[in-house]
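Since we're looking at a predicted model, the values are computed, not measured. Numbers here are sequence positions counted from 1.
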Amino acid sequence: QVQLVESGGGLAQTGGSLRLSCAASGRTLSGYAMGWFRQAPGKEREFVATITWSAGDRDYADSVKGRFTISRDNTKNTVYLQMNSLKPEDTAVYYCAAGGFSTKSYNYPFWGQGTQVTVSS
């Protein structure tokens, strides 16, 4: 079993930056791709970014391309999401997940509890 804990959320202004972290415990992330998803109030959970175990491949939602960067440090069992040029529409609860390299949430069996990101205009 993999336990995931997100951190780094908070309040940012439009155009600002935040860096989310997701630390894994209980079992190594060896072989797992890692993904970030988000859910805004009244909306469905949506894909944000994903990265393979080796970090050789990454994929991003069109809405965040060029602004967000996903990375990972396998020695620390941690994945990151650097968010720049934040917009009010980025406001959501952000979740990290471990599983297959996919944009679909059902391909990720392990999830964190989420961290709130709020971007003020």
Side-chain angles (χ1 to χ4, degrees):
Q1 193 75 2
V2 176
Q3 288 82 44
L4 303 173
V5 179
E6 302 95 337
S7 60
L11 179 64
Q13 293 186 336
T14 296
S17 298
L18 285 173
R19 188 194 194 205
L20 304 184
S21 299
C22 174
S25 62
R27 181 178 158 183
T28 179
L29 292 175
S30 179
Y32 285 114
M34 296 296 297
W36 285 97
F37 291 77
R38 66 187 182 186
Q39 188 167 18
K43 295 187 177 181
E44 293 186 353
R45 190 171 298 188
E46 65 174 4
F47 166 75
V48 175
T50 185
I51 186 169
T52 56
W53 160 251
S54 67
D57 286 301
R58 295 170 173 86
D59 196 10
Y60 296 92
D62 288 343
S63 59
V64 306
K65 278 181 182 176
R67 300 188 299 121
F68 290 11
T69 302
I70 188 171
S71 62
R72 66 190 296 165
D73 185 341
N74 290 334
T75 66
K76 297 181 179 179
N77 260 358
T78 301
V79 64
Y80 306 96
L81 186 68
Q82 178 67 44
M83 305 186 296
N84 299 328
S85 302
L86 284 164
K87 304 175 181 180
E89 50 264 43
D90 295 319
T91 295
V93 176
Y94 283 71
Y95 300 89
C96 72
F101 183 67
S102 172
T103 65
K104 304 300 184 183
S105 60
Y106 54 73
N107 285 318
Y108 295 83
F110 305 109
W111 290 82
Q113 82 291 348
T115 186
Q116 176 71 46
V117 170
T118 303
V119 183
S120 62
S121 58

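The residues D62 and K65 are annotated as salt-bridged, a charged nitrogen and a carboxylate oxygen being separated by less than 4.0 angstrom.
Taking the side chain as every heavy atom from C-beta outward, L18 and F68 never approach each other to under 4.5 Å. Using a 4.5 Å cut-off on side-chain heavy atoms (C-beta onward), T115 and S7 make no contact. Two residues are said to be in side-chain contact when any heavy atoms from C-beta on lie closer than 4.5 Å; V117 and R38 fail this criterion. At least one side-chain heavy atom of D73 sits less than 4.5 Å from a side-chain heavy atom of Y80.
Within the 3.5 Å criterion, the main-chain N or O of L20 finds no donor-acceptor partner in the side chain of E6. Side-chain atoms of T78 come within 3.5 Å of backbone atoms of K76 as a donor-acceptor pair (strictly under, hydrogens ignored). Judged by distance alone, with hydrogens and angles left aside, the side-chain atoms of Y60 form no donor-acceptor pair with the main-chain N or O of G66 at under 3.5 Å. The closest donor-acceptor contact from the side chain of N107 to the backbone of G99 lies at 3.5 Å or more, if one exists at all. Side-chain atoms of T14 come within 3.5 Å of backbone N or O of S120 as a donor-acceptor pair. Between the side chain of R72 and the backbone N or O of T52 there is at least one donor-acceptor pair closer than 3.5 Å. Under the 3.5 Å distance criterion, the side-chain polar atoms of T91 are matched with a main-chain donor or acceptor of V119.
Minimum heavy-atom separation, S71 to I51: CA-CD1, 3.8 Å. Heavy-atom minimum distance, A98 versus P109: O-CD, 3.1 Å. Nearest heavy-atom pair across S17 and Q82 is CB-NE2, 4.0 Å. The heavy-atom pair separating R67 from S85 by the smallest distance is NH1-O, 2.9 Å.
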Y32 vs F110, side chain to side chain contact (heavy atoms under 4.5 Å, CB included): CA-CA, chis, key distance, verdict
CA-CA 10 Å; Y32 285 114; F110 305 109; 3.3 Å; yes
Yes or no on side chain to side chain contact (heavy atoms under 4.5 Å, CB included) for L4 and M34, after CA distance, side-chain angles and deciding distance?
CA-CA 11 Å; L4 303 173; M34 296 296 297; 4.1 Å; yes
What do the steps show when you test M83 against V64 for side chain to side chain contact (heavy atoms under 4.5 Å, CB included), and what is the final call?
CA-CA 8 Å; M83 305 186 296; V64 306; over 6 Å; no
Begin with the C-alpha distance, continue with both residues' side-chain angles, and end with the deciding distance and a verdict on side chain to side chain contact (heavy atoms under 4.5 Å, CB included) for S105 and F47.
CA-CA 7 Å; S105 60; F47 166 75; over 6 Å; no
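Following chains of ILVMFWY side-chain contacts shorter than 4.5 Å, one can reach I70 starting from V2, so the two form part of one hydrophobic cluster. By the rule that hydrophobic residues join a cluster once side-chain heavy atoms approach within less than 4.5 Å of another member, W53 and L81 end up as members of one cluster.
Within 6.0 Å of CD on Q13 lie no more than 12 heavy atoms contributed by other residues, nucleotides or ligands.
Side-chain atoms of Y108 and T50 include a donor-acceptor pair closer than 3.5 Å.
Using the six-membered ring where Trp is involved, Y95 and W111 have ring planes that are perpendicular, over 60° apart on the 30 and 60° scheme.
The CZ atom of F101 sits 9.5 Å away from atom OG of S54, with the distance rounded to the nearest 0.5 Å.
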